[in-house]
There are 2 protein chains.
Amino acid sequence: MVSIKEVAQKAGVSVSTVSRVINGKQNVSPEKRAKIMQMVKATGYVPNRAARDMVMKRSFTVGIIIPMTFNMFQRQLFSDIEHHLEDFGYHSSFYFVAMSQESEEACLRRLKGEKTDGVILLHEIELPEFREYLEKNDIPSVIATFEKERWKSTSIHISENEAASAAVNHLIKLGHREIALLSGKRYSFGRQRLQGYVNALESAGIPYNESKVVFVDSYSISDGMSGMKELLDRKISFSALFAITDELAIGAMRYLKDRGYQVPGDISVVGCDDIEISSYTIPRLTTIRQPVSEMGKMSVAMLHSLITSESKMNVNIALPFTLIERESVTEYTKNI
Amino acid sequence: MVSIKEVAQKAGVSVSTVSRVINGKQNVSPEKRAKIMQMVKATGYVPNRAARDMVMKRSFTVGIIIPMTFNMFQRQLFSDIEHHLEDFGYHSSFYFVAMSQESEEACLRRLKGEKTDGVILLHEIELPEFREYLEKNDIPSVIATFEKERWKSTSIHISENEAASAAVNHLIKLGHREIALLSGKRYSFGRQRLQGYVNALESAGIPYNESKVVFVDSYSISDGMSGMKELLDRKISFSALFAITDELAIGAMRYLKDRGYQVPGDISVVGCDDIEISSYTIPRLTTIRQPVSEMGKMSVAMLHSLITSESKMNVNIALPFTLIERESVTEYTKNI
DNA sequence: CTGAAAGCGCTTACAG
DNA sequence: CTGAAAGCGCTTACAG
């Protein structure tokens, strides 16, 4: 591969000068600049990234922390983030982490060797050393799509609590009072959306009833099916369901169909997130939309500004969510 | 950050020796080795990747070429590939490329600067210089999930042609004769699956009828809807549809429902790929399964062997596919 | 088994 | 505006 030295020789200048022009610095005579550009083109020279990274002591890469198995919402988010990262000229390095301490430690170890310019978390890491390492080394981080308390970093999210309330209020406004909840314990948003459900019920003067809520392990479609099964097996009476993620809702609708129930005829279902597939399900899912692309875009933009600016001020950004009314919800008529 | 030099000083040895132990070389006395390990631990030393990459003239990263907008099948594949790459100790670098020459050129330019150890293509690149560059520089590449003619690299795929035939034969066996095709021109598999459809018809002595096939621009769910619309608007008569991707099939089922048709009551639908969501749609989709995880795993394993072994032999691997019978297909009763 | 030294390909003061 | 030189943090012959 051709090196900067070779280009310098062919152009009859020093490497310093070549370095200047390829990095767009001023103070180079037009003639030399032209000559150098010409040689760069002729030789097909491209700077060696490793060498540059080493001397500049930064890698121009940002680390992306992702859960080992990431769901559809995160896949969309991830893809948006990648695009923007590329636009800003960053590389990205992945860190898949599972729900275990060893996995988090392994992630931290790798992180130390790579000197990423910053980190975007699509997954909540518990390990205290992790946070400490970032803070001690001034590595900016942004949390994408979580509203995490006491973690000193910028975070982009919707108000989880209010989003859940909005979903439930929509149901209440339509006359539903026996509203089941399909939730999970994993991640902070599980707790927050549960809280939103509780709040909405309370405001409407509807008593909270434990037997109407089920917690599943994760947030996949199949968890939605098993959660719905559990709910049905309890033989309680209800007319609507709020599933805290769209995938859960889709699984619930699937299972309801298997058991012969109509959505929304027998049960109204509302989800949360608005993943792509939700506009195509049968019936189309009524849900709360998180502005994914904006969130992805902002995550990168915020991280970039944290990396480049002097004042490292961490902000907590709550983006607006929207209720998207589709076909899975209807007015209250009866309980099952 | 602590460097190798610092560790050497604290351990009272030379940097060469430290380098030997952290790289697991032999020929180091047990005492020094122990002392060094201890200092590594104490200082929290982790080798600087950029420095190592530079001197070793390789980056331990593999480039992943992805289409600008990647579909659900590719997202699953991608996620599998990433996991395995991490297992093998590789990093990955993304190259999103659009359907344009400039985009392919930009991709090539970046590739030149990064000295990736190898490349995995999830997207077909047309630019001849691209292939030339890889060949000239002995950069191994594997094509994941495409069966590409005249491209000297290893490729992992199913027999597209036969997979399509299997789907259509299934329909034929159930008595269908008027079988519509929802296809696309983009990528070689579009052409290949079309060929499989044609072959299956021919073997069964059913004449190919152009009016029963529609080509859409891309392979998304919404393309599936618009393709189905076009088909219906042609007012032709048919009893079954083969959509060359699951997303297309899901879009078609969606649109059929909107127009008041029953699947499979009025129209049987079979897809191809077997993406996750296909087992949860209403009705569940009958489709041809590509062994995604195996494909992801093999792509990485093959690339790794290409990178590390001496003999760079390129192989063309066709993995078996399976017909997955679910609920979207039924016996022929009538045409619409 | 071990260390001194060269070199990888860049950037960045520094001196002119 | 320009170049010589130092230095980034490693690995790898080479000599002992």
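Below, read A as the first sequence line, B as the second, and so on, with proteins coming before strands; counting in each chain starts at 1.
- Among residues at least two apart or in separate chains, salt bridge (charged side-chain N to carboxylate O under 4.0 Å, His left out) pairs with a member in residues 119-146 of chain B are B:Glu124-B:Lys148.
- Residue pairs meeting the ring-ring contact (aromatic ring centres under 6.0 Å, His included) criterion with at least one member in residues 112-139 of chain B, sequence neighbours excluded: B:His123-B:Tyr187.
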Could you list, one pair per line, each protein nitrogen or oxygen that sits under 3.5 Å from a nitrogen or oxygen of nucleotides 2-5 of chain C, together with the distance?
from	atom 1	to	atom 2	distance (Å)
C:dT2	OP1	B:Ser29	OG	3.0
C:dT2	OP2	B:Ser29	N	2.9
C:dG3	OP1	B:Lys32	NZ	3.4
C:dG3	OP2	B:Ser14	N	3.1
C:dG3	OP2	B:Ser14	OG	3.2
C:dG3	OP2	B:Thr17	OG1	2.8
C:dG3	O6	B:Arg20	NH2	2.6
C:dA4	N6	B:Ser16	OG	2.6

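- Between D:dC10 and B:Ser19, no contact under 4.0 Å exists linking OP1 or OP2 to a side-chain N or O.
- Atom CZ in B:Arg58 sits roughly 18 Å away from atom P in D:dC10 (whole-Å rounding).
- When the ring pair (Phe, Tyr, Trp, His ring centres under 6.0 Å) test is applied to A:Phe73, no partner is found at least two apart in sequence or on another chain.
- Between the CD1 atom of A:Ile4 and the P atom of C:dC8 there is a distance of 14 Å, given to the nearest Å.
- Every pair tested for side-chain hydrogen bond (donor to acceptor under 3.5 Å, both in side chains) that includes a residue from residues 292-303 of chain B fails, sequence neighbours excluded, so the list is empty.
- Contacts between residues 40-55 of chain B and DNA chain C, defined by a heavy-atom separation under 4.0 Å, are made by B:Met54, B:Val55.
- Residues satisfying the side chain to side chain contact (heavy atoms under 4.5 Å, CB included) criterion with A:Glu102, sequence neighbours excluded, are A:Ser100.
- The CD-C1' distance, from A:Glu6 to C:dC8, rounds to 15 Å in whole Å.
- Checked against ring pair (Phe, Tyr, Trp, His ring centres under 6.0 Å), B:Tyr95 has no partners two or more places apart in sequence or in another chain.
- A:Lys57 has its NZ atom 13 Å from the P atom of D:dG7, to the nearest Å.
- For the side-chain hydrogen bond (donor to acceptor under 3.5 Å, both in side chains) condition, the pairs that include at least one residue of residues 6-17 of chain B, sequence neighbours left out, are B:Ser14-B:Thr17.
- Rounded to whole Å, the distance from CD1 on A:Ile22 to C1' on C:dT11 is 10 Å.
- For A:Phe96, the ring pair (Phe, Tyr, Trp, His ring centres under 6.0 Å) partners at least two apart in sequence or on another chain are B:His83.
- At the phosphate of C:dC8, neither OP1 nor OP2 sits under 4.0 Å from any side-chain N or O atom of A:Lys5.
- Environment of CG in A:Asn316: crowded, with over 12 heavy atoms of neighbouring residues, nucleotides or ligands closer than 6.0 Å.
- With C:dT12, C:dG9, D:dT11 as the candidates, the nucleotide lying closest to the side chain of A:Met56 is C:dT12.
- Enclosure of atom CE in B:Met68 by more than 12 non-hydrogen atoms of other residues, nucleotides or ligands within 6.0 angstrom is indicated.
- Here B:Phe88 pairs with B:His304 under the ring pair (Phe, Tyr, Trp, His ring centres under 6.0 Å) rule; sequence neighbours left out.
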Reading 5' to 3' and counting Watson-Crick or G-U wobble pairs with both distances under 3.5 Å, write the dot-bracket notation for DNA chain D, | for bases paired outside the strand. |||.||||||||.|||

